[in-house]
Amino acid sequence: MSQENKVVFLKGKKVILRPLSKADIPTLLRWINDPEVNQYVATYWPVMEQREEKWLESLAKEDNDSHVVFGIETHEGVFIGTMGFNFIQWKDRVAVTGALIGEKEYWGKGYGTDAKMILLEYAFNTLNMHKVCSAAIAFNERSIRYSLRCGYKIEGRLRKHHFRKGRYFDQVMLAIFKQDWLKVWRRYQKTGKVR
Ligand SMILES: CC(C)(COP(=O)(O)OP(=O)(O)OC[C@H]1O[C@@H](n2cnc3c(N)ncnc32)[C@H](O)[C@@H]1OP(=O)(O)O)[C@@H](O)C(=O)NCCC(=O)NCCS
């Protein structure tokens, strides 16, 4: 897509978040079927093009107000991953996030943190959420650390909850409230650092 027609929904310091489109499907398929990537998420079954199309269609439905997923693009225009809310509980104003940076050379360089900070800004200041939750398999240290960096706190563990690599692992439950995020957000806006 040309730069003039670039769709930007949320803008961070390193990335933008934008709606996904059909053109993203081949890239999404490459990421979700990559064992180095999908070891960290719920998918363990091969994902076919048709399933990815259905998933995109479900996101695009007019009556969908419970899940929203954005594409993460660097300011240089590289599509590196997805991030969004897998579930929104409107009555309680609680949202559950999901994230996947599929371009592995972009891991651990602060792109996830930047995307998460603007997603949280949208959650708290636009959607009026009061709490945002996240879950990670215990061996996913990078995910746990980036959530902690953004101000999340560990709320507990579901013991031996995921079977991976021939054994069981705990699921770590994390969450953040608006007031805790605001402190990190103000620092991030001022200094470009979350702590
Ligand atoms: C989880 C994910 C979204 C995080 O995004 P990211 O851009 O890689 O994360 P950031 O660079 O912003 O932050 C990573 C943190 O982990 C640290 N980190 C980097 N590599 C690490 C590693 N191999 N092991 C442990 N920590 C690591 C970084 O130093 C930083 O923490 P610190 O500042 O406290 O030191 C991304 O790595 C990803 O999508 N991974 C694959 C799929 C996945 O795990 N999805 C989440 C499922 S819960």
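The basis for the numbers below is simple: all heavy atoms, side chains too, and nothing from hydrogens, waters or symmetry mates. In each ligand, atom 1 is the first atom listed, and ligand 1 is the first ligand listed.
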Fill in: In one Ile/Leu/Val/Met/Phe/Trp/Tyr side-chain cluster, 4.5 Å: V194, L182
yes
Worksheet item: Is there a path of hydrophobic side-chain contacts, each under 4.5 Å between heavy atoms of I, L, V, M, F, W or Y residues, that connects V37 with M48?
Response: no
What residue and heavy atom of the protein are closest to [atom], and at what distance?
| atom | answer |
| --- | --- |
| atom 11 (O) of ligand 1 | G110 N, 2.7 Å |
| atom 2 (C) of ligand 1 | Y146 CE2, 4.2 Å |
| atom 23 (N) of ligand 1 | R142 NH2, 3.5 Å |
| atom 43 (C) of ligand 1 | Y40 CB, 3.6 Å |
| atom 41 (C) of ligand 1 | W107 CZ2, 3.5 Å |
| atom 7 (O) of ligand 1 | G112 N, 2.7 Å |
| atom 39 (O) of ligand 1 | I101 N, 2.5 Å |

Item to complete: For L120 and I176, work out which heavy atoms get closest and say how close.
Response: CD2-CG2, 4.0 Å
Discussion item. Looking at every heavy atom in both R195 and R187, which two are closest together, and how far apart are they?
Written reply: CA-NH1, 3.4 Å
Worksheet item: At a 4.0 Å cut-off, with the gap strictly under it, does some heavy atom of A135 reach an atom of ligand 1?
Response: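 Yes, that is the case, since the closest heavy atom of the residue is under 4.0 Å from the ligand.
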Short list, please: which atoms of ligand 1 are under 4.0 Å from a heavy atom of [X]?
| X | result |
| --- | --- |
| S143 | 1 (C), 46 (C), 48 (S) |
| K109 | 11 (O) |
| L100 | 39 (O) |
| T113 | 10 (P), 12 (O), 13 (O) |

Practice prompt. Not counting sequence neighbours, which residues clear side-chain hydrogen bond (donor to acceptor under 3.5 Å, both in side chains) with Q189? List them please.
Written response: none
Worksheet item: atom 33 (O) of ligand 1: which of Q39, E36, R149, E141 has the nearest heavy atom?
Response: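 It is R149 whose heavy atom sits nearest to atom 33 (O) of ligand 1.
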Worksheet item: Among K193, R145, M83, R195, which residue places a heavy atom closest to atom 31 (O) of ligand 1?
Response: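 When every heavy atom of K193, R145, M83, R195 is considered, R145 comes closest to atom 31 (O) of ligand 1.
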Worksheet item: Is there a protein heavy atom less than 4.0 Å away from atom 28 (C) of ligand 1?
Response: no
Would you check the N or O atoms of [X], main chain and side chain alike, for any that come under 3.5 Å of an N or O of ligand 1?
| X | result |
| --- | --- |
| N140 | yes |
| A99 | yes |
| G108 | yes |
| V37 | no |

Worksheet entry | Centroid separation W31 to F79 less than 6.0 Å |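 When the ring centroids of W31 and F79 are compared, they turn out to be within the sub-6.0 Å range.
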I'd like to know if the side chain of [X] and the backbone of [Y] have a donor-acceptor N/O pair within less than 3.5 Å.
| X | Y | answer |
| --- | --- | --- |
| D114 | K14 | yes |
| D65 | H67 | no |
| W107 | I101 | yes |

Worksheet entry | Beyond-backbone contact of I154 with L148, side-chain heavy atoms, under 4.5 angstrom |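 I154 reaches L148 side chain to side chain.
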Discussion item. I'd like to know if E103 and R30 make a salt bridge, using a cut-off of under 4.0 Å between side-chain N and carboxylate O.
Written reply: yes
Worksheet entry | Atom NZ of K13 with >12 non-hydrogen neighbours under 6.0 angstrom |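 Yes, the 6.0 Å shell around NZ holds more than 12 heavy atoms from other groups.
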